[in-house]
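Here's the structure we're looking at; comments come further down.
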Amino acid sequence: MRKFILIFGASSGISKYFLKNSKKIEKFNIILTSRSNRNLSKLKKEFSYNNKIIYFKVDASKDKDIINLRDKIAKFKIQIIINFCGDIGEGGKITDLSKFKWKNSIDNNLTSFFYISKYFIPILLREKKPIFLNFSGGGGLLPQPTLNAYSASKAAIVRLIENISVEFKKLNIIAIAPGAINTKIFKILSSQKNKLS
C-alpha cells in the first residue's frame, strides 16, 4: 500500500516551495489541507499536473474539522505529517491587543497543533518510522516584541514538542525554525518598530 504525507496549512509560501522542490516526496501520495476554499482552489490549479495529491478543506483550529479529516483518511498509511499552520496575529504592545484577535492567533497556531497531535499521533504510530514536522518559526527561539500571540504560541509549541518526544519515543517529532524568509512577517515587523518605546 502506498504511503502518504499529510500537510496542514498547505497554502503558505513555505509549503508551496517545499512541494515544488522536494524530490524525496515523489514516492508518496500527498494530502493537502487549507482552511480556505479559495486557497484550496489555487493549490488545485497550481498542482493540477500531479495526480498523487488529494485535497481537503480543513480548519485545524477546529476539532470537528480535524476529527472529520481523520475519519475520512483513517485507512491510509500516513508516514509523515508536516504542520505549516501559522498565524502572525495582531501586531502591537500587549496592552493594546484585541482579546478576540489574541484568541484567534493562539487557536490558529497552538490549538491547531494540539488537535493535530491529539487525533493524528495515534495514526502515525501505526507506522514503523513515523515523522511529525512542525514549523515553529523564530517566535519559538527569540523575543519578538509586538508579535506577542505569535511568539508565545510558537514558543509553547517548541516546549510541547519536547514533551511529546518523551511521551512517544517511537515518534520522530521535530520543530523547525527555518530562519529569515521573505514572508509577510517582515512587513509586520517593520510596521511595528515605531510603536516600541
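Start at 1 with the first residue, then count along the sequence. Heavy-atom basis, side chains included; hydrogens, waters and symmetry copies ignored.
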Of all heavy-atom pairs between [X] and [Y], which one has the smallest distance, and what is that distance?
{"X": "Lys93", "Y": "Asn148", "answer": "C-ND2, 4.1 Å"}
{"X": "Leu97", "Y": "Gly92", "answer": "CD2-O, 3.6 Å"}
{"X": "Asn108", "Y": "Ser61", "answer": "OD1-OG, 3.7 Å"}
{"X": "Ile116", "Y": "Ala60", "answer": "CD1-CB, 4.1 Å"}
{"X": "Leu125", "Y": "Lys170", "answer": "O-NZ, 2.6 Å"}
{"X": "Gly89", "Y": "Ser105", "answer": "CA-OG, 3.7 Å"}

Checklist entry - Excluding sequence neighbours, so at least two apart, what forms side chain to side chain donor-acceptor pair (under 3.5 Å) with Ser153? => result Asn109
Item to check | side chain to side chain donor-acceptor pair (under 3.5 Å) involving Asn104 - partner list, sequence neighbours excluded | outcome: none
[X]: which residues meet the salt bridge (charged side-chain N to carboxylate O under 4.0 Å, His left out) condition with it, sequence neighbours left out?
{"X": "Arg70", "value": "none"}
{"X": "Lys20", "value": "Glu46"}
{"X": "Lys103", "value": "Asp107"}

Nearest 0.5 Å please: distance from the [atom1] atom of [X] over to the [atom2] atom of [Y].
{"X": "Ile174", "Y": "Ile176", "atom1": "CD1", "atom2": "CD1", "value": "6.0 Å"}
{"X": "Asn50", "Y": "Leu19", "atom1": "CG", "atom2": "CG", "value": "8.5 Å"}
{"X": "Asp59", "Y": "Ser112", "atom1": "CG", "atom2": "OG", "value": "8.5 Å"}
{"X": "Lys57", "Y": "Leu40", "atom1": "NZ", "atom2": "CG", "value": "9.0 Å"}
{"X": "Asp63", "Y": "Tyr115", "atom1": "CG", "atom2": "OH", "value": "4.0 Å"}
{"X": "Ile30", "Y": "Ile80", "atom1": "CD1", "atom2": "CD1", "value": "10.0 Å"}

The criterion is side-chain contact (heavy atoms from CB on, under 4.5 Å); which residues satisfy it with [X], sequence neighbours excluded?
{"X": "Ser41", "value": "none"}
{"X": "Ile164", "value": "Phe113, Ser117, Ile121, Glu167, Phe168, Leu171, Ile173"}
{"X": "Lys118", "value": "Phe114"}

Next on the checklist: Could you check whether atom NZ of Lys101 has more than 12 heavy atoms from other residues, nucleotides or ligands sitting under 6.0 Å from it?
Outcome noted: no
Item to check | Sequence neighbours excluded, every pair satisfying ring pair (Phe, Tyr, Trp, His ring centres under 6.0 Å) that has a member inside residues 24-50 | outcome: none
Next on the checklist: Please list all pairs meeting salt bridge (Lys or Arg N to Asp or Glu O under 4.0 Å) that have one or both residues in residues 73-84, counting only residues at least two apart or in different chains.
Outcome noted: Lys77-Glu127
Item to check | salt bridge (Lys or Arg N to Asp or Glu O under 4.0 Å): pairs with one or both residues in residues 30-44, sequence neighbours excluded | outcome: Arg35-Asp87
Item to check | ILVMFWY network linking Ile31 to Tyr55, side-chain heavy atoms under 4.5 angstrom | outcome: no
Could you go through residues 3-10 and list every donor-acceptor pair under 3.5 Å that involves a side-chain atom there, pairing it with any protein atom two or more places apart or in another chain?
residue	atom	partner	partner atom	Å
Lys3	NZ	Gln79	OE1	2.9

Next on the checklist: What verdict does the side chain to side chain contact (heavy atoms under 4.5 Å, CB included) test give for Phe56 and Asp65, after you've listed the backbone C-alpha separation in whole Å, the side-chain angles of each residue and the deciding distance to 0.1 Å?
Outcome noted: CA-CA 10 Å; Phe56 289 97; Asp65 278 22; over 6 Å; no
Next on the checklist: If you define the side chain from C-beta out and look only at heavy atoms, does anything of Phe135 sit under 4.5 Å from Asn83?
Outcome noted: no
